[in-house]
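I have placed the structure first, in the form of structure tokens, so that the comments after it can refer back to it.
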Protein chains: 2
Amino acid sequence: MVGGPPWWHGKFAGYGYRMTVPRQAILSTLSKSKKHLSAEDIYLSVHKAYPGIGLTTVYRTLELLVRMGLVFKFDFGDGRSRYELAEGPNTNHHHHLVCRGCGRIIDYSELVDEETKILKQIGQTLSKKYDFSIDSHQIHFLGLCNKCK
Amino acid sequence: MVGGPPWWHGKFAGYGYRMTVPRQAILSTLSKSKKHLSAEDIYLSVHKAYPGIGLTTVYRTLELLVRMGLVFKFDFGDGRSRYELAEGPNTNHHHHLVCRGCGRIIDYSELVDEETKILKQIGQTLSKKYDFSIDSHQIHFLGLCNKCK
DNA sequence: AATGGAAGTGAAAACCATTACCAATAAGGA
DNA sequence: TCCTTATTGGTAATGGTTTTCACTTCCATT
């Protein structure tokens, strides 16, 4: 289920962290989904394969992964956080349209390169001016989807 | 304290809503602050001038104002929502740098026009493609501030 | 192989921002 | 002023997330 040592093993060793079964299982779940999983989603998925893994560990691991930069954490306003793998073979850089009516999230990858080019420039300027080291950015478009307007 | 009928009175009538003392007080507090106030911040401020106003009303009113488009709601990852007046004499369009270490928020207005120009174009494209009506956007740069890196 | 300390884990309880409920109140047109 | 109905405030509930703490696992060192 967890499979052989994937590409992220090195990162853990580098940070001085241990690679454990729960961590592998959580990363595996994240890498297999293209959705924006909540902590509970991940818990249910992981718990099915490894009933011993508890919800607390899921939260703790997600926090660790976010700190390491392996996972992005989002908040779309529905009262729970969402998590996505930051990089890897199955990921593609995208941003989000957030429907304020039903909470639906639409990913888009179109024009993201263009956005990123501009934002990288702006980021550099801001980074110097505010002495702030930027490691990622998020863009949300808010509005109403076809069903809600 | 609340003052004469400000510019937003018309909007309320237009939507068929009543203009009440709590609503005026909350809008007044928001219009006097340039910070990202939490519901509790607003409650404390409003409650000082009008001890009768309850926390529930603050939440309800903020939700209403967000729906009306008068107020923006943000989530910077510290477990509570933040609110800012969307438009008005004292507001200026800006985005945010979010420190993942201490949670500090830095507003920036530099280059926002440039950003907005690009995002407006992209928004139009996405709007058509996904049949999604966009009414605002948010940009967060995530990283570490000078004290945390 | 045994040991010891540190990192990691799970269950349950605590936390705390937000929401639901409901009786009482106030806004605004008739 | 009266009447209808939106609005309000206190309290209790909700539910995602964090804390606590005893226990387990890992791993470098004997």
Side-chain angles (χ1 to χ4, degrees), chain A residues 2 5 8-9 11-27 36-68 70-71 73-83 100 103, chain B residues 2 5 8-27 29 36-68 70-71 73-83 100 103:
Chain A
V2 164
W8 53 64
H9 264 198
K11 283 228 174 187
F12 270 79
Y15 279 97
Y17 298 132
R18 295 175 185 168
M19 176 50 82
T20 65
V21 169
R23 288 172 184 178
Q24 288 184 60
I26 289 165
L27 279 165
H36 325 86
L37 300 178
S38 68
E40 193 187 359
D41 292 336
I42 295 167
Y43 168 71
L44 290 174
S45 161
V46 157
H47 195 259
K48 198 173 293 173
Y50 299 90
I53 297 176
L55 183 56
T56 306
T57 298
V58 172
Y59 275 106
R60 266 191 304 235
T61 301
L62 289 170
E63 190 201 338
L64 180 72
L65 296 173
V66 169
R67 267 210 319 276
M68 291 173 68
L70 286 177
V71 165
K73 179 179 184 179
F74 296 97
D75 194 298
F76 298 127
D78 67 340
R80 67 192 63 196
S81 295
R82 304 281 172 171
Y83 301 86
R100 287 184 306 125
Chain B
V2 164
W8 53 64
H9 264 199
K11 283 227 175 189
F12 271 79
Y15 279 96
Y17 298 132
R18 294 174 183 173
M19 178 48 84
T20 65
V21 169
R23 288 173 182 177
Q24 288 184 61
I26 289 165
L27 278 166
T29 288
H36 324 88
L37 301 177
S38 68
E40 193 187 358
D41 293 336
I42 295 167
Y43 168 71
L44 290 174
S45 161
V46 157
H47 195 257
K48 197 174 292 174
Y50 300 90
I53 296 176
L55 182 57
T56 305
T57 298
V58 172
Y59 275 105
R60 263 190 309 234
T61 301
L62 288 171
E63 189 201 338
L64 181 72
L65 295 174
V66 169
R67 266 209 320 275
M68 291 173 68
L70 287 176
V71 166
K73 180 178 184 178
F74 296 98
D75 194 297
F76 298 127
D78 66 340
R80 67 191 64 195
S81 296
R82 303 281 172 172
Y83 300 87
R100 286 184 305 121

- Length of the line joining B:I53:CD1 and D:dT7:C1', which is rounded to integer Å: 12 Å
- Item | Donor-acceptor contact present, side-chain A:R23 to main-chain A:R18, <3.5 Å | yes
- Item | Base D:dT11 to side chain B:T56, donor-acceptor N/O within 3.5 Å cut-off | yes
- Message: Counting only side-chain nitrogens and oxygens, does B:R60 get under 4.0 Å of the OP1 or OP2 atom of D:dT7?
- Response: no
- Item | chain B contact limits on DNA chain C, taken 5' to 3' with a cut-off of 4.0 angstrom to heavy atoms | C:dA17 to C:dG28
- Message: What is the distance, to the nearest angstrom, from the CG atom on A:D41 to the C1' atom on D:dG16?
- Response: 13 Å
- Nucleotide nearest B:P22 (side chain, heavy atoms from C-beta), chosen from D:dT8, D:dC21, D:dC26: D:dT8
- d(CZ, A:R23; C1', D:dT24) in whole Å: 14 Å
- A:F12 has an atom CZ; how far is it from atom P of D:dC27, in whole Å? 13 Å
- Task: May I ask you to say what A:S81 touches in the nucleic acid, namely base, sugar-phosphate or nothing, with a heavy-atom cut-off under 4.0 Å?
- Result: sugar-phosphate
- Note on the structure: In short, B:S45 meets B:T29 closest at the heavy-atom pair OG-OG1, 3.1 Å
- Query: Between D:dT8 atom P and B:M19 atom CE, what is the distance in whole Å?
  - Reply: 10 Å
Counting only pairs under 3.5 Å, give me each side-chain donor-acceptor contact of residues 52-68 of chain B, with atom names and distances, residues two or more places apart or in other chains.
unit_1, atom_1, unit_2, atom_2, d
B:T61, OG1, B:T57, O, 2.7
B:E63, OE2, B:R67, NH1, 3.2

- Send over the distance from A:F76 CZ to D:dG16 C1', rounded to a whole Å. 17 Å
- Message: With a 4.5 Å cut-off on side-chain heavy atoms, are A:E40 and A:I42 touching?
- Response: no
- Nearest-Å distance, CD (A:E63) to P (D:dT17)? 12 Å
- Query: To the nearest angstrom, how far is A:Y59 atom OH from D:dT20 atom C1'?
  - Reply: 17 Å
- With rounding to the nearest 0.5 Å, note down the distance linking NE2 in A:H36 to CZ in A:F76. 5.0 Å
- Answer yes or no: is there a side-chain heavy-atom contact under 4.5 Å between B:F12 and B:L27? yes
- By nearest nucleotide on DNA chain C, pick out whichever of B:R18 and A:V58 is the more 5' one. A:V58
- Quantify the bending of the helix from C:dA1-D:dT30 to C:dA30-D:dT1 as the angle between its end axes, each fitted on five pairs, to 10°. 40°
- A:I26 side chain reached by A:Y50 side chain, heavy atoms, under 4.5 Å: no
- Kindly assign one of parallel, tilted or perpendicular to the pair A:Y15 and A:Y17, based on the angle between their ring planes and the thresholds 30° and 60°. parallel
- Message: Any carboxylate oxygen within less than 4.0 angstrom of a Lys/Arg side-chain nitrogen, looking at B:D41 and B:R82?
- Response: yes
